[in-house]
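Keep in mind it's a predicted model, so treat the numbers as computed, not measured. Residue numbering restarts at 1 for every chain, and letters A, B, ... go by the order of the sequence lines.
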Amino acid sequence: MALGCGFLAACEDPSVQHPGPVSRPGSPAVFADPVGDRGLDFVHFNGRSGELLLAEITCGGGAVLDIDDDGDLDLYLLQGRMLGPGKTLRDSIVRPKHEGPLTDRLYRNDLEPGEGDSGRGGRWTDITADLGFKPSRYGCAAAAGDYDGDGRIDLYLANLGPNQLLRNLGGGRFEDVTAVAGVGDEGSGVVALFFDYDRDGVLDLFVGNNMAFDLSGKVVCRSLTGARDYCGPGAYPSQPDRLYRGRGDGTFEDVTAASGLGSALPVPTLGAVSGDFNGDGWADLYVANDGQPNRLWIQREGGRFEDRALLSGVAVNGSGAAEASMGVAAGDFDGDGDADLFLTHLIKETNTLYRNDGGALFRDLTARVELAAASLPFTSFGTGWLDFDNDGWLDLFVANGAVTQVPALVEAKDPFPLHQRNQLFRNGGEVDGSIRFRELPAAEAGLPFERSEVSRGAIFGDLDNDGDPDVVVLNNAGPARILLNQVGSRAPWVGLRLTVGSPPRDALGATVRLLRQGSPDLWRRLATDGSYGVANDPRILFGLSGGDRLKALYVDWPDGTQEEFAAPAVGRYTTIHQGSGVPVGSGDP
Amino acid sequence: MSCWMSCGKSCGKASHRSRPRGWRWLALAAFPVLAACGPRQSPGRDLPPVPALDLTAAEAGAREQLEGERQALVMLLADRKATAPEVAEAFGDLGLLYITYEFLDAAQVCFSNASKIAPEDYRWPYLGAYLHKVRGRLPQAVEGFEEALRGSPEFLPARLRLGQIRAEQGEATLAREQFEKALELEPDCAPAYQGLGELAAAAGDDRAAVEAYSQALDLDPRATALHYLLGLSYRNLGDLEKAQLHLAQRGEVATRIPDPLLNPLASRAASSQFYLVQGAEALEAGDFSGAAAAYRQALEKAPQTPAAFRGLSTALLALGDAGGALQALEEGVAVCLDLEGTPPLEKVQLLVLLADRLEALGRSEEALPHLLRTLELAPEQPLLRLRLANALARRGRLEEAVELYSQLLEAGAQSVSSGGGSRSRVLEKRATAYVNLGRREEARADFQQALREAPEDGRLRLRYAEALDFLGDPEGAREQRRQASAQLKNSPQRFGLMVDSARELAASGDLVGAEAKLREVLAQAPDFREARLGLATVLGNGGQYGGAAEEFRQVLGEAPGHVAARRGLVEALILGGDFLGARVELAEAVRRRPRDLELALIQVRLLASAPDPRVRDGSLAREIALRIVEDHRTPETLLALALAHAEAGGFSESLAIVAELLESAEGGGDAVRRAGLEARQRSFEVRSPWTAASGEELLGL
């Protein structure tokens, strides 16, 4: 080992890079790397030239989306470029490792029927050349949704600089329609999401901006010893977020001011997630801010939003402190039918779990569910609720990577001393009235969790269509990694694709309730947002503990209507279209 | 592993601290020889090495300090005469220094080693446990704190931290046990009450939580984070009014564990950066003296640090030392502005702050050149352009202001909003300038455009209404007011506007109208602090000092640190003749703002010459006055000193001062001032202390 185990501290440090995979034959691990070369050769380039610019360690985003409507998820990955005025690749500390031009990359999933069950993962074909344009801005985050209702999923790219809306023309080709659509915000976009907040059947768009980064290297920040280090959120002016309302004709209206979002002072946004947090049937928006109180924009009448984060208990952590708030995920971890929130933070801060007690009144339950201590040594970004073992309880994945230099790695002369390992937490389900999480050691979680990298985004989706969630980890200045779930599909599951409109498109914002005989109902919300800088699988997965008998399925559609459906088939994906079920009145089923 | 690394208690006695520095460095040069000399006498111990750190990029001061301390330990380990406690102490010292700079891995090794060498010393397992806690290793932290408590059961910080971990682990009973024991040791321990409150809240007993949090807040009113906890507990109890009240007062200052080992770390570092961070934290916590000291330390380590000048100025201003605050910025600009290595943004921040301070002192003309300079340094920053435009408009240089506003608007919405402004606000500003220039149509067009861009901004609509009044369109103004009224119904914005209007009434002499308006606001929004302050001021100005004091007290009940309210209360009490009450409040005010010259002078005058003899205390007045004069030697402070000397029986000193003041006043045109001095002189000549004729005199009005 390069450090030498004489350096006890370094040996103990979880962030130290493991020399390589260790074989553990026979031990069942949750996630594994795909077997062999599967064609995904993306390596992120952050454009660092030694100036320690905060911008260079902020990004790492992408999206899973079925661009060709062949039933499997394809992969769009955002690339960086050189940062700073006049900087060229010659100034870069590390040469780009990816072959070819420095652009975003689109990979087609060439999953063969039945291949998902092999546990090997599909094959990925780089079809960037066929995109129809050259996506060569400094990409940070992606949102996916059919904004123009033509049945094809489009992409919105939040960049450091002008953002882009890419209209899916079919056949893997996209067209840049930013100018026509009117969504070319020029801020440092770090999060974007599609949702239909006004229930008019047309997707709206939220864009979260961080700060006006200095790329000249003139703003210098230092560690406590005075050594140069990356800056924090106070170093640059914050930029305002944007809310665009889809008009239905392919264009958007900037409603930031009219909606009330513009009334708030700009703070450095990092994450955002939509959801009906107060259960009134209208979509709300939760925005995570770096070192500043977060905002919970509760929708009032007429498309007006009001920040209720403080009274709701989700502005700051349970001790009253504003935290770094990078990634955010909404999900019903306790099975009570409402959306709870999980946020990722900086080293020495705990990640935070807010349980929704109904009506958007939350409590910080982090320590009580045993998620606090394990997060203290890490700086965390992408995160998501995923039922990796399909037991019906949502578990957590957390992608880690520091933002200031880790002393032990600096000591070891590490060229990019920010890397840390990622974490997987299993939800133990409700026992004696309480829920606890347990971090799985790498021996159980899988070899990918022994790796130490500078992870940012984490995309969640069933890449091999075998009925369990896989993960794409997006590393800053590192390779994109696929983590294939090896265990979930062993348990019974139900997969759903919910669609509305004609041609059909994903019913973003729909809520599904699966009724089981003798077991509590399961709730899921259809959304592609959450995590950090990514767009996730729009499909819904229900893990079923053995022997569950399904009774029925209720869907609350984004327009406020509700329908009942017969119990779906187990072990396969079923597409449910709005209008094909039995309408339900306003009463509780 | 080098031989010194395994050195333990048997290394022998050392007296490294008393050795001259030169000797130490000579010995260091010889160290490799020592290292190669074979195993040391350390039976039973195999200590891990102290990690060496890569400090090549550190500030020289920090590097020397860290390397020096580490090498001192190396030396001691090489000294066969060093005793185990000495070696443990040296490991502990180094560990604490590593914590100071946040080298936590290295610090952990140090405390682990110290524990092994001196297992009887509770400090090492305590500090090791603290690090385990910070790094999320709770079982190890529990073990360490328990070990520390076995060694020193009355060590309060260990009890509190152990209680916190037990609470995090969901071990409510064990946690409560620790907090209760902590309260037995220290009944006024705010963190223990907070801990009990959190346990109660976690158990769903929000009533008990409120009780415990309230006790904690009473004991540590600066711990503003407690307001958040109280707010949420009240929310859970359904008392939304109290919840909102506390949430509005939420801050980030936590209750502080009284920790004799970790708290002093703040003064150990040798890097300027450390003190910059410390200063910022102290500012945030409301510890302005601490912040000023930290920023001074930062400047001592690195005299050309713009951020330190800025921080120092802010801290001094908060302490009431406006002159010092301004001086710090002027020095900062003088020292840093032409430095090549200083980033332009930092220079801009200094200049902007200096301009702000000058404007606040009514010296706007002097502020303008600084703002102009900021544009030269950062022409791409829209906010700077906006700031300069506003300053020009305030100085009546309207054409220039309009030019800058137009530049901003031409640069586009993105440019304005990226600077944190809004386009409608810039349009409003330009429209106002147009109104004052008499360019009616352009003013009207800008207001209308601004309203198109922010149609629901009731405040903007009211501004437009005012402009229409001014432009002779009362009908249009009425319509805008009607719409604004509907938009602003019961909003804080509306109340703010009502307070503004009351201020205007008061300024025009209509105190009755102002009082009525403010009471109207308070009837609808009793917690609207600005209105209550306004009411107190209006009452005071109307001679209703008792009522004014009552209103100020209400504000202070909610916000004990409110500077203006505290000052207002003191003035109301003095003007109302309650000198005894004033003395108590003054003491509190001065405690909170120890460098507020004005407050200190009032205090001296009160103690030296109050009409109520029970209040007077000559020796205290003299003590304070001497301190003041040491820093601020002005005719005003000298006269206060003369009063204090007289009250303390030092008439000869008083007379000497008055004579000096009379001499310097000679030739000046201020006959009233001279007459006042002569009256005091006559009083002191007959060995009679001066008694102020009224509260106004005490306040120097």
Side-chain angles (χ1 to χ4, degrees), chain A residues 6-10 12-13 185-187 212 214 216-220 222-228 235-240 257-258 260 262 265-266 304 310-311 313 315-316 318-322 348 350 357 361 363 367-368 370 372-378 407-408 410-413 434 436, chain B residues 1 5 48-49 51-55 57-59 62-63 66 100-103 105-106 108-109 134-138 167-170 202 225-229 231-232 235-236 240 243-244 247 250 252 254 269 271-274 277 343-345 383 414 417-420 422 424 453-456:
Chain A
F7 291 92
L8 178 66
E12 287 180 350
D13 193 298
D185 187 80
E186 293 178 4
D214 166 70
S216 67
K218 286 177 184 165
V219 178
V220 175
R222 300 186 181 282
S223 73
L224 287 175
T225 61
R228 189 162 180 177
Y236 317 105
S238 299
Q239 296 174 320
L265 279 176
R304 294 278 303 171
L310 202 56
L311 188 65
V316 292
S319 305
K348 290 203 287 179
T350 66
D357 287 339
L361 297 179
R363 283 176 195 257
R368 223 186 311 168
E370 299 189 357
S375 61
L376 283 166
F378 298 98
V410 173
E411 180 57 33
K413 310 287 183 205
S434 62
R436 286 169 199 267
Chain B
M1 189 181 280
M5 289 172 179
L53 304 169
D54 181 350
L55 299 169
E59 273 180 37
R63 187 169 56 243
L66 284 159
T100 305
Y101 288 107
E102 299 201 340
F103 292 115
D105 298 337
Q108 192 92 64
V109 179
V134 168
R135 304 164 90 198
R137 301 165 182 171
L138 300 192
E168 276 183 34
Q169 290 174 321
L226 286 167
H227 284 293
Y228 179 74
L229 304 180
L232 285 198
R235 179 201 75 175
N236 296 339
L240 292 188
Q244 296 279 21
L247 290 174
R250 180 197 82 85
E252 299 250 329
S271 73
S272 65
Q273 185 63 27
F274 177 88
V277 172
L345 200 62
L383 205 56
Q414 191 69 41
S417 58
S418 70
S422 79
S424 63
E453 296 190 12
E456 301 201 22

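Between chain B and the residues A/A374, A/A372, A/G217, A/G318, the most heavy-atom pairs under 4.5 angstrom are made by A/G318. Between chain B and the residues A/L361, A/V220, A/D357, A/V219, the largest count of heavy-atom pairs under 4.5 Å involves A/L361.
Contacts of B/L66 with chain A are made by side-chain atoms alone, with heavy-atom separations under 4.5 Å and no backbone atom involved. Looking at B/V134, both its backbone and its side chain come within 4.5 Å of chain A, counting heavy atoms on both sides. When heavy atoms are compared at a cutoff of 4.5 Å, A/S223 approaches chain B solely by way of its backbone atoms N, CA, C and O. Looking at B/L232, the atoms closer than 4.5 Å to chain A (heavy atoms on both sides) all sit in the side chain, from C-beta outward. Proximity to chain A involves both the backbone and the side chain of B/A202, based on heavy atoms less than 4.5 angstrom apart. Contacts between A/A257 and chain B at a heavy-atom distance below 4.5 Å involve the side chain alone, from C-beta outward. For chain A, the nearby part of B/L229 is the side chain; its heavy atoms alone come within less than 4.5 Å. For A/A322, the parts sitting under 4.5 Å from any heavy atom of chain B are the backbone and the side chain alike.
The two residues A/S319 and B/A225 come nearest to each other via the heavy atoms O-CB, 3.6 Å. Scanning both residues, A/L224 and B/T100, for their nearest heavy atoms gives CD1-O, 3.5 Å. Of all heavy-atom pairs between B/E102 and A/K348, the closest is OE2-NZ, 2.9 Å.
To the nearest 0.5 Å, atom CG of residue A/L310 and atom CZ of residue B/R250 are 6.0 Å apart. Atom CD of B/Q273 and atom CZ of A/R228 lie 12.0 Å apart (nearest 0.5 Å).
Inter-residue side-chain proximity for A/T350 and B/E168 is flagged as unmet; no heavy-atom pair is nearer than 4.5 Å. A/T225 is not listed as a side-chain neighbour of B/R63, based on a closest heavy-atom distance of 4.5 Å or more.
The residues A/R222 and B/E59 are annotated as not salt-bridged, no charged nitrogen and carboxylate oxygen being separated by less than 4.0 angstrom.
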